[in-house]
Amino acid sequence: MSYLAQNLEGLRERYPALVQTTQENRGGLLTVVPSREGSPSATHEGRWVHSGYDPRKEAQAWAEAQLLEWKAGELAVVLGVGLLYHVEALVALKPEGAMLTVVVPNIAEFNDAASTRPMEVWINRVDWVWGAPGGMAEQLATRSMPLRFMTYGSAARLHADVHRDLEAELRRIVAAKQSGRLHVAVVGPIYGGSLPIARYTVTALESLGHRVSWLDQSPHRASYDLFASGREPRHRATMQSRFADLLSLSVVTNLAEDPPDLVLALAQAPLNLAVLEHLRKKKFLTAMWFVENYRHLTYWQQLAGGYDYWFVIQQASCIDALTRAGARQVHYLPMATDPALHRPLGLTEAEQAEYGADVSFVGAGYANRRTLLPGWLSKDWSFKLWGNEWEGADGLTSLLQRGGTRIDTETCIKVFNATAVNLNLHSCAGDGLDPEADFINPRTFELAACGAFQLVDERSLFPDLFALDEMVRFRSVAEVPSLIRTWLADSSGRRTIAAAARRRVLAQHTYAHRMSELLAAIGMHQPDRIGAMVRGDRNAGVLGQRADAPPELAALLRRFPSGQRVELKDVAAQIKAKGAGRELAREELLILMLDSYRAETRDLV
Amino acid sequence: MSRALVIQLARLGDLLQSLQAITQLRVRHPQTQLDLLCPSHLAEVGRLLPGIEKVLEWDGAAWQRRAMAAQQDLRAEHLMEIETTLMGLAPDRYDCAYVLNQHRRALVAGSLLAREVKGPLLHGPLGEALTSWAAYVRDVAQRRLGQRVHLADAFCGLCGVSPSGCVVTLDPPVVRLPDDLEPIGKQGAPWVALIVGAGETERCVPTEVWRRWISSFLVSSPQGRVVLVGTESERAAEIQAPLPPSALGRIWDTTGRTSLSQLAAILARCHRVVGSDTGPLHLAAALGRPVIGWYFARARVHETGPYGFHHVVWQAEELREDTWPVDETIAAMCEQGYRAPAGWSVWTSHCDTWGAYYSPVGQAAIPPREREALWHELEPALL
C-alpha cells in the first residue's frame, strides 16, 4: 500500500471529506528531492521548503522553539504544511493533552506530503482545517480556547495570502466577541494630521469600554515651535530633537505611574528608539498606528524594530519594507471615521448658501491639486475651494473661501453636507493623480459618514473597503468633468450612492471597528496576555469561575463586579484598602507578597 | 521546643549587622531553635552566624518571576506554587518571626512563616504605625539625627533584646581556595585586602584613588601585599592596568572569582581590610579583622561603622574631589599617627554595655550618654 493510501486510511474516520478531496487531487505543488542525509525534502519554485541537509533536525529545532511560547490551555495553530516534518516534531514534543491544529490552504501540498512520508502514527493526534480562509477562520473560532499561531516560515510563505486572509477573518470574528477591558495608553503627536486621529482612537477605545490614558503631546506645540526659532537649521533640528527626547522621557514617566496593558502610539508620536527598547525590556507592549504614507514619511526606518506591532494603512510593499527594516509584526489597518462627529446635518438656508456649491474641494494646496483642479472648473457648475496653503494658485484664487485660512472640522462637515459633488483627490508630489495609489485617506470615510456624495480618485485598496455602488471613482483626470456633469444631473443617484457608503462606513469603517481589529490582531499573537484580556478572561467573574480557583481566591474575586477586569495589583489594592490591624487570610498574604515584587518590575524612570 | 525565625532580606552588610541581635536572642531564649531567612545568595554567610541552626534561602529572582506571571494572568496555580515553595522552606510555621527589615515583603514573609511577628510595624504587614525602634531607625535614616545607637544595636532593640556589651566574631570558614590564591596571607606582611567596589555607585572610591593608594602603600611597605576583593573585576583591572612593574607579584586580584565563603577565608587571612561602607567591610569586621573604613556619600560612622573594637573610620564631612585620605591611611597603618585631610575626620570603635560607639581618634574614649538615655526611653523593660 502506498504512503498516501496508508496515511489517508488513518484519517478516514475523522476527516472523510478531507480524505476524499485529497484523493481527488493529483498533488504536484512541491518538488520532492532527497536531502543530504537521505530523507526526502522539498522545494517550491526552486526554493527549499525544508532543509536540504537534514529536514528532521531542522524541524526538531523549530518545534523546540515553539514549545518555549506554548502555554497550557492554548490551541496551537500551525501555518505552513510542506512535508509536515515540523508537525511531526511538534506532536512528539507536545505536552499531554495539548491540542494542535494544522491549517491546510492547498490540498495539492497536503497530497504531496501524504504521498511522500509515512504519517499514520501521528496523523490522528492532530486536527486539520482546510478550505477557504473564511471557513477555516470560522472553524478555529469555534474552539473555546486561546489560539497560539506557530508559523513554519519556509512552507508558510507559499500561501501567505491565504494566511493573511485567515487572520483577517479571525480578527473580525474575535473583534466581534470582545468583552474584556484593557488599559491602553495612547501617545499622540505634538501636531499634524495624526493628532485628530489620535483623539478619535481615544474616543473609540473608550466607547469600547477600555480605560484610556491619553498622553496628549499637543500642549507642547508652542515650546516645540519656539525651539524652531533659531536661524541656523542645524541648531533648530538639534533643539527640536532634544525636546522630542524630553517628551519621550515624559511619556515614560506617565507610563511608570500608571502602567498600561498596551502603549498605542500614533504617527509622529515623540517616542524614540532608546525609549522603545527600554519599554520592551520592562515588558511593556507597544504598537504604532502609522497613519501616513510610508513613501513620504520615512522615519519608520529608524523605529521599525522599536515597536512590537506596526499597523499601517498600506499593504504589501509597505509591510515588506517595514519587515525588512526590522519590524516584528506588521498589520494592515486602514483609516476610518468617527460617525459621532462626521454625520449628516440639517442646514439652515443661510448655512446652505454659505457652505454649499455644486462642486467643492476641501484640503491643502498640494502640487497635484494645484495642477488638476483648474481643469475641473466649468461655467456649468459653481465651485468652492476650502483650505490653506493655496498661495500662488492664481487660477483658483477667486474660488478660495475665507481667504485660504485653515478651516475647522465643524466647517468641513457643513461643507460636505451642503455640497452636491465633493471632490476627493489624494495628494501627491507630482502633477497628476497619485502614481502609487494604494492607501485611502480619512476624507473618504468622513465624507461617506456625513452621507455626502463624493468623486474620489481610484485607489488599489478600494475593493476591500467599498463596493462600486458605494463610491464613484475616477481613473483619469479627463473623466472628472463628465462625471461631475452626470452626477450633478442625478440627485437621486447621488443620494443612493452616498447612503450606501454611509451604511458601509457605519457597519465596518469606524474608529471603534479599527480599534477592535487592532486589539484582536494583538490578542491573536498574544493569546495569553492581551488576547485573554480582550476575551474577558481576566474579568472577576470568569476568574472566579475557573475550575482551578480555590475558594479563598474566589472569595477575593467576588469582591469585584463580575464584569470588571481584575489583576494582581487590583486584588492587592483591595486587600490594602480593607485596612491594617486585622488578621490577614493566608491568600491575602500570598497576594501581597506577589504584589510587592510586581511593584518592582515597572521601575521605569 | 519552640522555634523562632530571624528574617533579614536586605544586603550582606545588614545581615552581618544582625549578628549581635541573633547572638542576644540566643542568650535570651536558650531553649528556642533559632533559624534564619535570608536571600539565597547570602546563605553561605548566614550559615557562618553562631546561634543559627538552619538557614532558609529566599530566592528573590524566583519570586519576581512568579509575580510577573501572576501579573500577566492571576491564576490559582500561582498561589499554589508559592504555597509549595513556602512549604519547602518551612513545613511547620514558626512560633515567632523577628523581622529586621521595614520592607513589606519581609513582614509578609514573617506572617506567612510564623504565628507571631515581632518587627518594625505594630499592626501587621499593612500597618503604618512603627514600633519605637523602627521609628528611631527611620528617623535616623531620613533626617540624619545625631545617631548614637549603632544599627546593629538597634536591631537588638527591634528583637526586644539589649546589646551584649561584647563583640561576637565569626569563625573563618574552612574552604578551599583556588590554587593560585592559596598563598594569600602566608608570605610577607602586611597583607591588606582592598575592597574595590560597592553595591551603590555613590559609595565607590574612584579607581585612580585606589591606584594611588596601592602605589603609595607598596612604596611605604616593601614587604606589603594588596589583595583586591569584591565582585567588580572590571574595576580591579582598571585599577591595576597602569601600575608600575614593581607592583607585579604584590597585587593579588581575587575579584569576581570567589564565593562568599572564599571571600571570608581570604579576608580572615589579611592583616587589614580597607574599603568603603560595604558588605565585605562588615564581613571583615565580623571575622575580627582590623578594618579601615572610608565613609562618604550617605554612609555615617555612628550608624553603620564596622562593629567591634579598634576599627578606624575616616568620615567625610564634605566630599571634595581629589581629597581622599590616601596618605593618612597609609601613615596610620605604618604607625605614624592619625591625621585627617580637609573635610574628613577620623574615628575609632569601642563597645560597652550599650553597644558600639565611635570616638575621635586620639581623644579619650568617652561613651556618649545619648545611647543610655535612648535605651531607657525605648526599652525600659529590658533594663
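So you know, we letter chains A, B, ... as the sequences are listed, proteins then strands, and number each from 1.
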Subject >> Option among A:L519, A:L182, A:L262 that satisfies the side chain to side chain contact (heavy atoms under 4.5 Å, CB included) test with A:L205 >> reply: A:L519
**OP:** Just say parallel, tilted or perpendicular for the rings of B:Y136 and B:W133, cut-offs at 30° and 60°.
**Re:** perpendicular
Original post:
Hey, which of B:G127, B:G60, B:A129, B:G124 has the most heavy atom pairs under 4.5 Å with chain A?
Top reply: B:G60
Original post:
In chain order, what residues pass the side chain to side chain contact (heavy atoms under 4.5 Å, CB included) check against A:T151, with sequence neighbours excluded?
Top reply: A:L79, A:A156
Original post:
Out of B:L122, B:L121, B:L86, B:V108, which one racks up the most heavy-atom pairs below 4.5 Å with chain A?
Top reply: B:V108
Just distance, no hydrogens or angles: give the donor-acceptor pairs under 3.5 Å from side chains in residues 109-117 of chain B, sequence neighbours left out.
{"residue": "B:S111", "atom": "OG", "partner": "B:L107", "partner atom": "O", "Å": "3.1"}
{"residue": "B:R115", "atom": "NH2", "partner": "B:D95", "partner atom": "OD1", "Å": "3.0"}

Original post:
Measuring heavy-atom distances to chain A, does B:R104 have an atom under 4.5 Å in its side chain, in its backbone, in both, or in neither?
Top reply: side chain
Original post:
Can you say whether A:I575 sits under 4.5 Å from chain B via the side chain, the backbone, both, or neither, judging by heavy atoms?
Top reply: both
